[in-house]
Amino acid sequence: MREEDFVFNSPENRILDDGFVTWKSPSNIALVKYWGKSDPQIPKNPSISFTLNNCHTITTLEYSKKEFLSKKQVISVIFEGKTKEEFKPKIEEFFKRILVYVSFIADYDFVIKTENSFPHSSGIASSASGMSALALGIMSLEKKLNPSLEREYFLNKASFLSRLGSGSAARSIEGPLVVWGKHPIIGNSSDLYGTIFPFKTDPVFENYQDTILLVDQGEKQVSSTIGHNLMHSHPYAENRFAQARKNLGKLTEVLQTGDIKEFIKIVESEALALHAMMMTSDPYFILMKPNTLKIINKIWEFRKRTNSNICFTLDAGANVHVLFPNREKKEVDLFISNELISFCQNNKYICDSLGEGAEIVI
Ligand code: PMV
């Protein structure tokens, strides 16, 4: 689908009665990372992610028709029960960006009530689940205005709108494996929205586990917006984009054949490449913490000792995502609780696994 296919146009100018809609949308963890973009949120390389199951945002979008259409729109944001003025600029900017595709939103005032199942700005992609939950709410309004909308269009446009809020949010609508960004061997892939990985995956990846070790739950020192921008003048940028494309090609094979050792190599290399880009940009920065490295070394040691198929990946933060096949859960859970939890802030971690994507609540 092309960009112009996502512009809302309805012959009648209907206004909905006041109401609300609630969506639950998951976070995702990239296996091949997106880092670097051009306007408007077009990725410099394709990426692929596991959709998570337990880490999610629940967002209720309350809409009420504006008293006069010429009146300035009011958007209120309530996060975990409290008014959050500091979230408003990002959401207002998002509404501005998507207005051309969903012009009907200009007719309403909104109250956005949102809550996460995980700590905000902890390196777990709260922007991915948050923006996708909001985009889905807006798509529910479009569906009320145009009940003949088809499911595929609904999902693609929800991902398209999510992308304009936060790139990685484009991969949070569906699951369990989502590709975003054009790649020649993935026929239906697009830079504009995420699509489900189109090939049959090996059973070893069924119900794959992701235990997220919360090494540092503070706010990130460098936002991903700044990080993406630094890729414009990065000396290794072009090679990095080529590496990611190549890794996505290799991973596409591996996901089908179940070559888990190769899976581990690609996934860990991608995590380290992402952080290497941060460490070699101008200005440089480091998001890992000493305990991030201690955990990585422990994982390598355990893998060598036991021939386990455990591996790690990292997001733009210090937390470590420990990935492993469901059939190894017993041994790995024991290893995590005996040897890794002491490296987490306040011993906190989240057990997650692959999920199927967003769900409407009401
Ligand atoms: O969606 P953004 O703009 O916050 O970028 C996030 C990028 C990474 O999480 C670091 C990698 C990825 O592909 O999710």
Side-chain angles (χ1 to χ4, degrees), residues 25-52 55 57 87 90-91 93-94 97 116 118 120-135 159-173 175 177-183 189 191-194 197 210 212 219-232 234 237 240-241 243-245 247-248 251 266-279 281 285-288 292 312-321 323:
S25 192
S27 180
N28 68 75
I29 180 69
L31 304 172
V32 171
K33 309 289 181 183
Y34 145 66
W35 198 242
K37 62 181 172 184
S38 51
D39 247 4
Q41 306 270 84
I42 298 294
K44 289 283 192 183
N45 63 260
S47 56
I48 185 167
S49 53
F50 276 152
T51 304
L52 298 182
C55 289
T57 298
F87 286 3
K90 195 164 182 195
I91 289 179
E93 172 61 28
F94 174 59
R97 263 194 226 169
N116 292 337
F118 52 87
H120 163 65
S121 284
S122 59
I124 301 178
S126 62
S127 61
S129 54
M131 283 299 172
S132 54
L134 184 55
S159 171
F160 174 89
L161 297 178
S162 303
R163 182 196 106 239
L164 294 170
S166 161
S168 56
R171 299 186 312 241
S172 272
I173 305 293
L177 261 172
V178 176
V179 177
W180 167 48
K182 193 124 200 67
H183 192 285
S189 58
D191 283 348
L192 300 178
Y193 51 90
F197 182 69
D210 177 8
I212 309 163
E219 298 263 339
K220 278 187 276 184
Q221 301 108 323
V222 182
S223 70
S224 43
T225 309
I226 294 175
H228 285 294
N229 279 338
L230 290 173
M231 289 304 279
H232 289 305
H234 199 294
R240 163 60 199 149
F241 303 143
Q243 177 193 45
R245 270 178 231 121
N247 278 342
L248 182 52
L251 196 63
I266 299 168
V267 168
E268 291 192 345
S269 159
E270 274 291 314
L272 296 178
L274 168 69
H275 283 256
M277 290 301 106
M278 300 173 188
M279 288 192 257
S281 58
F285 58 103
I286 302 181
L287 295 183
M288 289 189 278
T292 312
F312 73 86
T313 189
L314 305 167
D315 225 320
N319 300 332
V320 182
H321 289 246
L323 303 177

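Note that ligands are numbered from 1 as they come in the structure, with each ligand's atoms numbered from 1 the same way.
A cation-pi arrangement is present between Arg163 and Phe160 under the rule of less than 6.0 angstrom and at most 45 degrees off the ring axis.
Between the side chain of Lys37 and the backbone N or O of Lys44, no donor-acceptor pair lies under 3.5 Å. Between the side chain of Ser172 and the backbone N or O of Pro26, at least one donor-acceptor pair lies under 3.5 Å. No donor-acceptor pair under 3.5 Å is formed between the side chain of His183 and the backbone N or O of Leu248.
Ring planes of Trp180 and Tyr34: perpendicular class, angle over 60° (limits at 30 and 60°).
Annotation: Ser168 places an N or O atom under 3.5 Å from an N or O atom of ligand 1; distance criterion only. Considering both main-chain and side-chain atoms, Ser224 comes within under 3.5 Å of ligand 1 through a nitrogen or oxygen pair. By the 3.5 Å distance cut-off applied to N or O atoms, Arg171 is counted among the residues near ligand 1. Ligand 1 has a nitrogen or oxygen under 3.5 angstrom from a nitrogen or oxygen of Ser166. For ligand 1, one of its N or O atoms has an N or O atom of Tyr34 under 3.5 Å away.
Close contacts of ligand 1 with Asp315, meaning ligand atoms under 4.0 Å from a residue heavy atom, involve 8 (C), 9 (O), 10 (C). The Ala30 neighbourhood of ligand 1 comprises atoms 12 (C), 13 (O), 14 (O), with distances under 4.0 Å to a heavy atom of that residue. Atoms of ligand 1 found under 4.0 Å from any heavy atom of Ala316, numbered from 1 in the order shown, are 10 (C).
For Ile286, the CD1 atom is loosely surrounded, since the number of other residues' heavy atoms within 6.0 Å does not exceed 12.
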